[in-house]
Amino acid sequence: MKMFDTKILSCDTLSPAVEALQSGEVVGLPTETVYGLAGNALSNEAVSKIFAAKGRPSDNPLIVHIATLEEIKPLVSNFPKDAALLADAFWPGPLTIILPKSEKIPAKTSGGLDTVAIRMPRHPIMQEMIQACGFPLAAPSANRSGAPSPTTALHVFDDLKGRVPYIVDGGPCSIGVESTVLYLVGEEPLLLRPGAISPEEISAVLNKSVVIHGNLLHIMAEDVSAPSPGMKYQHYAPTMPLTLFFGSSEDYSGRLMETNWGALCFKEDIPYLETIPALSYGHEDNLAEQSAQLFAMLRMVDTLPVEQVLVHASSSPDALSILNRLLRSAAFRIEGTIPEFLERK
Ligand code: TXA
Ligand code: MG
């Protein structure tokens, strides 16, 4: 792999990043969800560099990012009415739609599948970069494969320094978890990854129910083939072993007192924790705040002077996108009063 003296660019000096992308290199770019590792989605060579820089398995397809709706037609072989309704309601924004791909999408980009994931991000820098390049940008999250997704330029630098020429600094990502991924190829819309746009919001726009894939909150059974290749890989894992805890601040602190573990908790828990080493990722009833801080805290958790960490997790069904990431980062270890929607049916 070619090595670089990686530079972080400010948002008013985009041209070196545009030139790098136009000459087939890959760069780190901000989006409203997480930072992406971008390259020309239509170039086999650029897309191969994305897989190499991340250390990503080659069967795990990339999301193709566009800036305007006209760009989608050449990329897909079918643009159904449901896709048009969702694009109208949620684009630009944190929704990825999977559709049958056209010949223009290289097999490398789609991981050998006959479908392609498309998203129109709303971050102004990402929008400007796609327009300036003149081609759609393939961009997975800009972390090393398996690590928590990056929500600042510095996270990208920590993971990819030397492997990319540029990272554009757009400040911290406002949403903090990756886009909602919706499969629109089958009979019914199927949610493959929860994100800021909820299945209820999608359902309201389509006027039909959205099927929630059974693996979103559960370990994938070994004999089930994954509709989204990303589902089968380990995700978001800090080095620190994590266990999730469901219950009140009193029960959570009580459980911690029995251990010599650290805490990844809500702000409200702090007064209960006395000398226990702790990091908080937001207020208990503020899911947007938890989502924005989650990945930064999953990166920081390794700095706690303990051997294990108990994570206080929300018991609200509205926390679907946060729980989906937390469960994976904790390898599905859970304790406390498990909410009913987490029980396997
Ligand atoms: O918010 C986001 O979506 C961020 C930013 C950078 O846009 N990107 C992102 O990409 O999260 P990535 O590669 O980390 O996650 C894409 C997920 C993977 O789980 C992948 O398996 C799935 O989407 N995916 C992509 N194309 C697919 C396809 N054709 N069929 C099924 N799943 C697909
Ligand atoms: Mg990712």
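Start at 1 and go down the list; that is how both ligands and their atoms are numbered. None of the values given here were measured: they were computed from a predicted structure. We're numbering straight along the sequence, starting at 1.
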Q) Is it true that the side chains of Ser48 and Glu45 contain a donor and an acceptor less than 3.5 Å apart? A) no

Q. Within less than 4.0 angstrom of ligand 1, does Met126 place any heavy atom?
A. no

**Q.** Per-atom contacts of ligand 1 with Pro229, taking only distances under 4.0 Å to non-hydrogen atoms
**A.** 21 (O), 31 (C), 32 (N)

Q) What protein heavy atom is closest to atom 5 (C) of ligand 1, reported as residue, atom name and distance in Å? A) Thr33 OG1, 3.6 Å

Q) Can an N or O of Thr115 be found at a distance shorter than 3.5 Å from an N or O of ligand 1? A) yes

Q: Give the residue and atom name of whichever protein heavy atom lies nearest to atom 17 (C) of ligand 1, and the separation in Å to one decimal.
A: Arg193 NH1, 3.7 Å

Q.
Could you check whether atom CG of Asp302 has more than 12 heavy atoms from other residues, nucleotides or ligands sitting under 6.0 Å from it?
A. yes

Q: Just jot down the ligand 1 atoms closer than 4.0 angstrom to any heavy atom of Ser228, in number order.
A: 19 (O), 20 (C), 21 (O), 22 (C), 24 (N), 31 (C), 32 (N), 33 (C)

Q: Name the closest protein heavy atom to atom 28 (C) of ligand 1, giving the residue it belongs to and the distance to 0.1 Å.
A: Ile98 CD1, 3.6 Å

(Q) How far is atom 3 (O) of ligand 1 from the closest protein heavy atom, and which atom is that? (A) Ser179 OG, 2.5 Å

Q | Part of Lys101 within contact of ligand 1 (heavy atoms, under 4.0 Å) | A | neither

(Q) Under 3.5 Å, is there a donor on one side chain and an acceptor on the other for Gln290 and Ser314? (A) no

Q.
Checking side-chain contact (heavy atoms from CB on, under 4.5 Å) between Arg56 and each of Leu62, Asn143, Ile50, which is the one that passes?
A. Leu62

Q) Hey, mind stepping through Glu178 and Ser149 against side-chain hydrogen bond (donor to acceptor under 3.5 Å, both in side chains) and telling me if it holds? A) CA-CA 8 Å; Glu178 308 89 336; Ser149 296; 2.5 Å; yes

Q: Classify the ring geometry between Phe266 and Tyr281 as parallel (under 30°), tilted (30 to 60°) or perpendicular (over 60°).
A: tilted

Q) Just by distance, do the side chain of Thr180 and the backbone of Gly195 share a donor-acceptor pair under 3.5 Å? A) yes

Q | Proximal atoms of ligand 1 relative to Ala139 (non-hydrogen, under 4.0 Å) | A | 6 (C), 8 (N), 10 (O)

Q: Say whether, by atom type as modelled, one donor and one acceptor occur between the side chain of Thr337 and the main chain of Gly247 under 3.5 angstrom.
A: no

Q | For Glu335, side-chain hydrogen bond (donor to acceptor under 3.5 Å, both in side chains) partners two or more places apart | A | Arg255

Q: Tell me which protein heavy atom sits closest to atom 19 (O) of ligand 1, plus the residue, atom name and distance to 0.1 Å.
A: Gly230 CA, 3.4 Å

(Q) Suppose I only count heavy atoms of His65 and a 4.0 Å limit; which atoms of ligand 1 are within that range? (A) 5 (C), 7 (O)

Q: Check each heavy atom of Lys54 against ligand 1 and say whether those closer than 4.0 Å belong to the side chain, the backbone, both or neither.
A: neither

Q: Can you sort out the partners of Asp159 under side-chain hydrogen bond (donor to acceptor under 3.5 Å, both in side chains), two or more places apart, ordered by chain and number?
A: Arg299

Q) Just distances here: any N/O of Glu178 and N/O of ligand 1 closer than 3.5 Å? A) no

Q) Do the side-chain N and O atoms of Thr96 and Ser179 include a donor-acceptor pair separated by under 3.5 angstrom? A) yes

Q.
Can you confirm whether Glu103 is buried at CD, in the sense that more than 12 heavy atoms of other residues, nucleotides or ligands lie under 6.0 Å from that atom?
A. no

Q: Go through ligand 1 atom by atom and flag the ones less than 4.0 Å from a non-hydrogen atom of Leu113.
A: 28 (C), 29 (N), 30 (N)

(Q) Suppose I only count heavy atoms of Asn60 and a 4.0 Å limit; which atoms of ligand 1 are within that range? (A) 18 (C), 20 (C), 21 (O)

**Q.** Numbered atoms of ligand 1 (with element) below 4.0 Å of Ser141, judged on heavy atoms
**A.** 8 (N), 9 (C), 10 (O), 12 (P), 14 (O)

Q: Specify the protein heavy atom at minimum distance from atom 13 (O) of ligand 1: its residue, its atom name, and the distance to 0.1 Å.
A: Arg56 NH2, 2.8 Å

Q) Protein N, O or S atoms at less than 2.8 Å from the Mg ion (ligand 2), how many? A) 1

Q. For the side-chain contact (heavy atoms from CB on, under 4.5 Å) test, which of Asn78, Leu113, Leu190, Thr115 pairs with Val185?
A. Thr115

Q | Minimum non-hydrogen distance to atom 27 (C) of ligand 1, winning option of Ser110, Pro30, Ser145, Pro61 | A | Pro61

**Q.** Tyr35 N/O to ligand 1 N/O under 3.5 Å
**A.** no

Q) What atoms of ligand 1 come within less than 4.0 Å of a heavy atom belonging to Gly36? A) 6 (C)

Q: Check the side chains of Asp269 and Ser249 for a donor-acceptor pair under 3.5 angstrom, ignoring hydrogens and angles.
A: yes

Q) Among side-chain atoms of Arg119 and Thr31, is any donor-acceptor pair under 3.5 angstrom? A) yes

Q) Cluster partners of Leu14, using ILVMFWY side-chain heavy atoms under 4.5 angstrom, listed by chain and number? A) Leu9, Val18, Leu21, Val27, Leu29, Ile125, Met126, Met129, Ile130, Phe135, Leu137, Tyr166, Val168

